[in-house]
Amino acid sequence: MTKDEVQGAMEEDQAQSKKGLKKQQKEAEKAVKKAEKQAKLAADQQGSEEDDFAKDRYGVPPMVQSQQKLDRVLVRVEDLSPEKADQLIWLRARVHTSRAKGKQCFLVLRQQQFNVQALVAVGDRASKQMVKFAANITKESIVDVEASVRKVEQKIESCTQQDVELHIERIFVISQSEARLPLQLEDAVRPDGEGEEEGRATVNQDTKLDNRVIDLRTTTSQAIFRLQSGVCKLFRDTLTNKGFVEIQTPKIISAASEGGANVFTVSYFKTSAYLAQSPQLYKQMCICADFDKVFCVGPVFRAEDSNTHRHLTEFVGLDIEMAFSYHYHEVIDSITDTMVQIFKGLRDNFQTEILTVNKQYPSEPFKFLEPTLRLEYTEALAMLHQAGVEMGDEEDLSTPNEKLLGRLVKEKYDTDFYVLDKYPLAVRPFYTMPDPNNAKYSNSYDMFMRGEEILSGAQRVHDAQLLTERAMHHQIDLEKIKSYIDSFRYGAPPTWRRRHWPGESVHAVPRPPQHSSDLHVPT
Amino acid sequence: MSMYQVKPVCGSLLKPDLPTCMYTLPNIHGQQGNSCTSDLCSEHALQNGEVDPAVKALEARQDEILRKLYELKAAVDGLAKTVTTPDADLDLTVSSSLSSQSPSSTTFTGVTNLDTLLGKDLGALRDIVINANPAQPPLTLLVLHSVLCQRYRVLSTVHVHSSVSNVPPQLLSCLGPRHADSYARQMFQLGFTLIWKDVPKLQMKFSVQNMCPIEGEANVARFLFKLMSPYPSDAALATLVDSWVDMAFFQLAEGSAKERAAVLRALNSALGRSPWLAGQEFSLADMACYCCVLQSGPASSTPSNVQRWLKSCENLGHFSPAKPFLQ
């Protein structure tokens, strides 16, 4: 070895030893820290093992395997009111939020649409360890809580139960939730505008759909589903009281009922069948079979590729069919009365739900008149002309004109729901009955809610000869509709037909489009 | 000898006053009366003068009789209005058709044209919308409605707004039974839509584009009244009617006990001078005051003229729609 090399080697050694020294120092520091930490933990544990007098008042009990049938009464959060003050109750709810503050832990316990504030405080019932345990319970975990109900002097604005809070004596976690949730419920119920303004998060619709189970837990979703249920129930009850019979119609049918364009095809053993676009044919069969008044609540399938809030591929249809005696207005009166009963039922019994939805989707309260306002097409034309709209006497209403008309009617009559009667014959299908006094008009009508058409109906021609004339006038091939015309040859009662799009019936309350849990809206 | 004999054309009586005037002609301007009477006189004079005073006396008698007849007619008309039965309208129309020259015509005539008042007919029903609070039913408007129905083909409907949960059944039927033709709105000249709604003040809407809403029962009453007959053309009389209407709604209906008593005294003195508040004719003033007087308190403390006038109003029969609400 040369002198240089040796020197280099010596330098290297020195350098190495310097690095080594540094490394050793670092490791030593780490070890010290670790030792300190461990000591602390040990001290903590010691501390926690000493004096946990509340050990059996909290924890994670064994999985509920139906070990015993407890006779415990669980109180609902919505029933917590000042009347229950100072009572000791059990309840089961989800942990909505938990926040520790020194010797106290504040929890918000949630059950469906309702939530209540709960408190674990270090005292003679709860120990420090218990408070710490409560603070560490993950959100969305289900807990069983025994607590005493206490009145509060100041209203708790952030909860639905504003006059009381719970002082927890026992808390057990029945079902633990993962620490990281795909979405936060507070964000899911935040109104869109507020999120943008204050820089807080709102949840994307796709995220909501991907985690539908969690999204459905929000107060808004709970309220929306309850409203939907209420609408169906009011519909059923009102019609049943009027003497209607509920029927269930087939959904897998052999031929497209409305016209081939918007129908879903399914494979049916060796051939194909179709998903029913509406129960129309079966309802009419019932009338010809002397059922007199029928209704039907069930799914309707339309292969519509439009992506608006009024077009869904699958929705629940509320359909009515009835025979009338002398005038198709008997039917209009029946339908409008049903709608008014639904509105009244929602107004009187579902205010809580409506207000809950309003928090996330603000809207004006829904107004209506009883009996329902019925205007004629000529009046609508006059109102639109006065407002400066140019349209012909026999022209159909475009969507913007419908909306404008809705606003004009709202201004004059202060109603969000009305019927527009006597549409021009030229814009209706060939099977619509013409008006007896004026050939330009027809016995057909539309119903509007907040300026949007929700229902279309008409008296149908039930006379085979007139039907043939009208078809020829519209230049329709008679061969194609031969069977339809023939069906009127066997004594068909005067009939009328009405199609109702139910997604819009819940427009009394604005809501996000409805999706079934495993079906996404086609883009 | 002359060739052709021609008879003289003009007489030889005219003597020209030469040299200033060739032909004198009678003065054709002015003093025609004189010339008439002078003719008459000359006629009379021609007729010996004996018939002259007799004819004069005859004429005088004729004038006298005609005058008395007119006075009687006026008195009878006035009486008819105060004493007739609920078939008053029938009687009045019958009597008016018989007397074509009567100076005091029946109530609510006069030329009114719906087109000038409500705007051009656009081929659709012209619907008047009235929003009223069920706690204070507008009796004057109900009365005006029934009179309107006699004059025009009116489609009346009553609705209950969603802001009100319960309305007593008599308020639902206050406009009378549903018209048989109500399914065909176009066939009516006028629409009268009454909506029971939770409003602080009565409100009327007609043409949202051209008219702002009219507020207050007094103003809506004026509007509806003018659809039937115009206000009196005499400005003083029209102002009198207006002031009575205002007094009725502001001081009788909404005023304190003192104000009401003052109005009743004013009514009493006015009714001492004429059968109706605005003179010889029944007018909006009577209608409004009648409804407000009866709505505001019991009839025991009303002065005698007012009581007599109340009975006369009732006899007219216009006020039957208001009756169910006054008990």
Side-chain angles (χ1 to χ4, degrees), chain A residues 326-330 332-333 336 339-340 343-348 364-389 393 404-405 407-422 435-438 440-441 443 445 508, chain B residues 115 118-134 155-167 169 171-173 175 178-199 203-214:
Chain A
Y326 296 106
H327 201 287
Y328 73 103
H329 279 189
E330 297 162 27
I332 295 188
D333 291 341
T336 52
M339 297 296 285
V340 165
F343 297 147
K344 284 208 246 176
L346 288 176
R347 176 193 70 185
D348 296 337
E364 296 273 320
F366 189 78
K367 305 214 187 132
F368 54 92
L369 296 177
E370 181 184 9
T372 305
L373 179 67
R374 184 176 57 83
L375 299 176
E376 289 187 350
Y377 201 77
T378 44
E379 291 175 70
L381 278 178
M383 286 170 96
L384 287 172
H385 281 144
Q386 272 187 339
V389 171
D393 281 357
L404 173 61
L405 184 61
R407 283 201 295 277
L408 293 172
V409 170
K410 175 87 191 269
E411 232 188 293
K412 185 168 177 182
Y413 296 91
D414 201 20
T415 174
D416 286 311
F417 174 62
Y418 69 98
V419 181
L420 193 59
D421 195 14
K422 302 283 183 195
D435 181 276
N437 300 321
N438 188 341
K440 253 172 54 169
Y441 295 105
N443 291 354
Y445 55 90
Chain B
D115 282 348
L118 294 179
K120 201 179 86 163
D121 184 357
L122 293 166
L125 175 72
R126 286 183 280 219
D127 200 6
I128 297 177
V129 176
I130 295 184
N131 296 324
N133 197 317
L155 174 66
S156 334
T157 36
V158 180
H159 295 275
V160 175
H161 192 261
S162 53
S163 56
V164 170
S165 41
N166 242 331
V167 157
L171 285 182
L172 294 174
S173 53
L175 293 185
R178 197 164 152 175
H179 200 282
D181 291 331
S182 59
Y183 57 85
R185 285 168 75 93
Q186 252 186 313
M187 286 168 41
F188 292 86
Q189 290 170 298
L190 202 57
F192 193 100
T193 303
L194 179 59
I195 302 180
W196 294 114
K197 189 174 160 186
D198 189 10
V199 274
Q203 193 188 50
M204 188 203 103
K205 289 190 187 179
F206 176 62
S207 163
V208 173
Q209 303 294 317
N210 309 333
M211 260 174 65
C212 67
I214 295 184

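Per chain, numbering begins at 1; letters A, B, ... match sequence-line order.
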Heavy-atom contact with chain B under 4.5 Å, split by part of [X]:
X: H327(A); result: side chain
X: L375(A); result: both
X: T372(A); result: backbone

Where K367(A) and S162(B) come nearest, the two heavy atoms and their spacing: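 Answer, listing the atom of K367(A) first, then S162(B): CA-OG, 3.3 Å.
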Of the non-hydrogen atoms in V208(B) and K412(A), which two are nearest, and what is the gap between them?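 Heavy atoms of V208(B) and K412(A) come nearest at CG2-CB, 3.5 Å.
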Quick one: CG on D414(A) to NE2 on H159(B), what's the gap to the nearest 0.5 Å?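 If we round to the nearest 0.5 Å, D414(A):CG and H159(B):NE2 are 12.5 Å apart.
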At what distance, to the nearest 0.5 angstrom, does CD of E411(A) lie from CD of Q209(B)?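 So the CD of E411(A) and the CD of Q209(B) are separated by 7.0 Å.
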Need one label for I195(B): side chain, backbone, both or neither, based on atoms under 4.5 Å from any heavy atom in chain A.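 Looking at I195(B), just its side chain touches chain A.
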Contact part of T157(B) toward chain A, heavy-atom cut-off under 4.5 Å: side chain, backbone, both or neither?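 Contact with chain A is absent: no heavy atom of T157(B) under 4.5 Å.
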Walk me through it: do E376(A) and L125(B) pass the test side-chain contact (heavy atoms from CB on, under 4.5 Å)? CA-CA 8 Å; E376(A) 289 187 350; L125(B) 175 72; over 6 Å; no
If you define the side chain from C-beta out and look only at heavy atoms, does anything of D421(A) sit under 4.5 Å from R185(B)?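 D421(A) does not reach R185(B) side chain to side chain.
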Contact between S165(B) and R347(A) at the side-chain level, heavy atoms closer than 4.5 Å - yes or no?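 They are in side-chain contact.
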Option in V158(B), L172(B), V164(B), D127(B) with maximal non-hydrogen atom pairs under 4.5 Å from chain A: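 Result: the option with the highest number of such pairs is D127(B).
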